[in-house]
Amino acid sequence: MIDIKQIIANPEAVRTALLKRLESVDFTELLQWESERKSLVVAMENKRNERNKGTAEISRMMKEKQDATTARETVKQIGKDIADLKNKHDDLATRIHDLLVNLPNIPEDIVPAGGKENNVVIETFGEKPGFDFKTKDHVDLATDLKLVDYARGTKMGGTRKWVYYGDGALLEWGLINYFINHHIKNGYAFMLPPHILNAESGYVAGQFPKFKEDVFHLDAEEDATHFLLPTSETAIANFYRDDVLREAELPKKIFSYTPCYRKEAGGYRTSERGTIRGNQFNKVEIFHLTTPEQSEVSFQEILATAKQLLRNLGLHFRVSRLAADDCSASMAKTYDLEVWIPSINDYKEVSSVSTAHTYQAIRGNIRYKDAATKKNKYVHTLNGSALATSRLFPAILEQFQQADGRVKVPEVLVPFLGKEYFE
RNA sequence: GGAGAGAUGCCGGAGUGGUUGAACGGGCUCGCCUGGAAAGCUAGUGUGCCCGAAAGGGUACCGGGGGUUCGAAUCCCUCUCUCUCCGCCA
């Protein structure tokens, strides 16, 4: 959530920045509500002060056995006045909150305005592999090499499900373990959170209220309180909810592994065959909690980590800076890492590295005590996939396929698979 | 699923309607003491919001929400969570 203080301090700057992702932004009403709300707070507190004094007076009179009937009547009326003021105040506060909570994050200066079409490719690694033989796509490769069973997956769970088995399961598990080992070596704390989260967690991470229909709810729709996490970011972002961290323990660096459960409602496309877009996929996620000063360094570190893993796998990929409206609502800046999939003739996202600035911290009340000023301040939260596997799998099969139908195992994964080729 | 108990500050733990933001103990910080430390002693030690240039003042907060009352940490309702016992169970 955007801090209303930031809007009050410089409404025009916030408005201009938000126009990069919204068609129109108007704070006139909001600012008016907020100033009304503040004067109601003053009025209410003055009344409460009166009541506190009156109450003390009644207490004194009672001790001295005086008649306090009149005083009681007076204070009773003050109580009613307070209740009236409180109703007006709460109504305004609700309206202000509703408006704020639906605003997306303020994009950083570097973020291009507009939607997807304005994304900027900033780096490309490796080259598109050239083949002098007739290539197969990932679905055929996975089927022929008996790595993934799509038909039995849908038999068990319906559309958008699949089964990794045999060497396919080993590849999937090898990727996950390779990433996990990498992060452990880099000093990250490993977290295995619950996959079932409550509504509050969805709100804090920013999935709710906007993206409620994209997740799997576990309760009857009318009292939906629990859902399956769509990314472990949702869980980690809530780990320190309502905490005050010491500045010395920042930046906190955490990673986790969970499946991600997403509805992905809508029609099927040829380009999304196989494991490209499913209801459940595996992801290793990195998360940082930092001071505002450390924030950009952390962003670069997460980005560098994701890039390093892809380079170590030997894949051709690119890095894009997303335009404002293509970033998730909670995020101020997002870079996507996209891997080349020859059969689709396009790049597919395998990692999204983002900074939420204080957007999630404000919702989750996650703060740190500033060592110099002794004041509690909101942390910055950053996250990045490192990495999601469901597009790596097809990319590996297709980019490393051989003329004889075999697929070469990336060197770093050989120890996990105990072989150099899928055959 | 059934029965009961509970949720208070950084921690432990008092407090069952009237100067209680909260006894007492521990921890931590500052200072004194010391060659240095320990012990001992002194003082201090929550957060949000509002007013104020500041000093400071006001207000709210004892799991969340609502109610009773002149007045609620204390009484009532409700929700969430924790613990104990029983049942069921991978």
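Below, read A as the first sequence line, B as the second, and so on, with proteins coming before strands; counting in each chain starts at 1. This is a predicted model, so every value here is computed, not measured.
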**Q** Assign A:K369 to base, sugar-phosphate, or nothing according to its heavy-atom contacts below 4.0 angstrom with the strands shown.
**A**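 A:K369: backbone/sugar contact only, no base atoms under 4.0 Å.
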
**Q** If you only use heavy atoms from C-beta on, which nucleotide in B:rC49, B:rG48, B:rA60 is closest to the side chain of A:R48?
**A**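 Out of B:rC49, B:rG48, B:rA60, the nucleotide with an atom closest to A:R48's side chain is B:rA60.
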
**Q** Report which part of the nucleic acid A:R37 touches: base, sugar-phosphate, or nothing (heavy-atom distance under 4.0 Å, all strands).
**A**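 Nothing: the residue A:R37, judged by heavy atoms under 4.0 Å, touches no strand.
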
**Q** For A:K53 and A:K86, find the nucleotide of RNA chain B closest to each by heavy atoms; which residue's nucleotide sits nearer the 5' end?
**A**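 Between the two, 5'-proximity favours A:K53.
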
**Q** Any base atoms under 4.0 Å from A:M44, or only sugar-phosphate, or nothing? Heavy atoms, all strands.
**A**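 No contact.
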
**Q** Within the distance-only criterion (no hydrogens, no angle test), does the side chain of A:R21 pair as donor or acceptor with the backbone N or O of A:N105 below 3.5 angstrom?
**A**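 Between the backbone of A:N105 and the side chain of A:R21 there is a qualifying donor-acceptor contact (under 3.5 Å).
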
**Q** Considering only NZ, NE, NH1 and NH2 on the basic side and carboxylate oxygens on the acidic side, decide whether A:D84 and A:K88 come within less than 4.0 Å.
**A**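 Between A:K88 and A:D84 there is no salt bridge, as every charged N stays at least 4.0 Å from the carboxylate O atoms.
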
**Q** Please convert RNA chain B into dot-bracket. A pair counts if it is Watson-Crick or G-U wobble with both distances under 3.5 Å; crossing pairs go in [ ] and bases paired with another strand get |.
**A** ((((((((.[[[..)..(.....]]](((.((.......)).)))((((((....)))))).[[[[[..)....]]]]])))))))....

**Q** Among A:F255, A:Y257, A:F287, which residue satisfies the ring-ring contact (aromatic ring centres under 6.0 Å, His included) criterion with A:F190?
**A**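 It is A:F255; the other options fail the test.
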
**Q** So if I take every side-chain heavy atom of A:E45 and compare against B:rC70, B:rU59, B:rG66, which nucleotide ends up nearest?
**A**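 The nucleotide sitting nearest to the side chain is B:rU59.
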
**Q** Could you give the distance separating B:rA72 and B:rC61 at their C1' atoms, to the nearest angstrom?
**A**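 Looking at atom C1' only, B:rC61 and B:rA72 are 13 Å apart.
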
**Q** What I want to find out is whether A:E45 reaches A:R48 closely enough, with some N-O distance under 4.0 Å, to be called a salt bridge.
**A**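 So A:E45 does not pair with A:R48 through a salt bridge.
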
**Q** Could you tell me whether A:K333 and A:E296 have a side-chain N and a carboxylate O separated by less than 4.0 Å?
**A**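 Between A:E296 and A:K333 there is a salt bridge, with a charged N closer than 4.0 Å to a carboxylate O.
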
**Q** Rounded to the nearest 0.5 Å, what separation is found between the CZ atom of A:R321 and the CG atom of A:N119?
**A**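 Going from the CZ atom of A:R321 to the CG atom of A:N119 covers 10.5 Å.
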
**Q** Nearest nucleotide by nearest heavy atom, which residue falls closer to the 5' end of RNA chain B, A:A71 or A:K375?
**A**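 Looking at the nearest nucleotide for each, A:K375 comes out on the 5' side.
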
**Q** With a 4.0 Å cutoff (strictly under), does any side-chain N or O of A:N46 reach OP1 or OP2 of B:rU59?
**A**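 So the side-chain polar atoms of A:N46 never come under 4.0 Å of the phosphate oxygens OP1 or OP2 of B:rU59.
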
**Q** Is A:K374 near enough to B:rU45 that one of its side-chain N or O atoms lies under 4.0 angstrom from OP1 or OP2?
**A**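 For B:rU45, OP1/OP2 do not have a side-chain N/O of A:K374 under 4.0 Å.
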
**Q** Nearest to the side chain of A:N376, heavy atoms from C-beta on, is which of B:rC70, B:rG48, B:rC51?
**A**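 The answer is B:rG48, which lies nearest to the side chain.
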
**Q** Does OP1 or OP2 of B:rG18 have a side-chain N or O of A:N52 closer than 4.0 Å?
**A**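 No, because none of the side-chain N or O atoms of A:N52 sits under 4.0 Å from OP1 or OP2 of B:rG18.
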
**Q** Is it true that A:E57 and A:R60 have a side-chain N and a carboxylate O under 4.0 angstrom from each other?
**A**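 Here A:E57 pairs with A:R60 in a salt bridge, since their nearest N and O are under 4.0 Å apart.
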
**Q** So, taking the atom named CD in A:E264 and the one named CG in A:N279, what distance separates them when rounded to the nearest 0.5 Å?
**A**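 If I round to the nearest 0.5 Å, the distance is 7.0 Å.
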
**Q** For B:rU59, does either OP1 or OP2 sit under 4.0 Å from a side-chain N or O belonging to A:N49?
**A**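 Yes, because at least one side-chain N or O of A:N49 sits under 4.0 Å from OP1 or OP2 of B:rU59.
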
**Q** Check every strand shown and say whether A:K47 touches a base, only sugar-phosphate, or nothing at a heavy-atom separation below 4.0 Å.
**A**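 The answer is nothing, as A:K47 stays clear of every strand by at least 4.0 Å.
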
**Q** Sort me out a list of protein N/O and nucleotides 72-81 of chain B N/O pairs below 3.5 Å, or just none if empty.
**A**
none

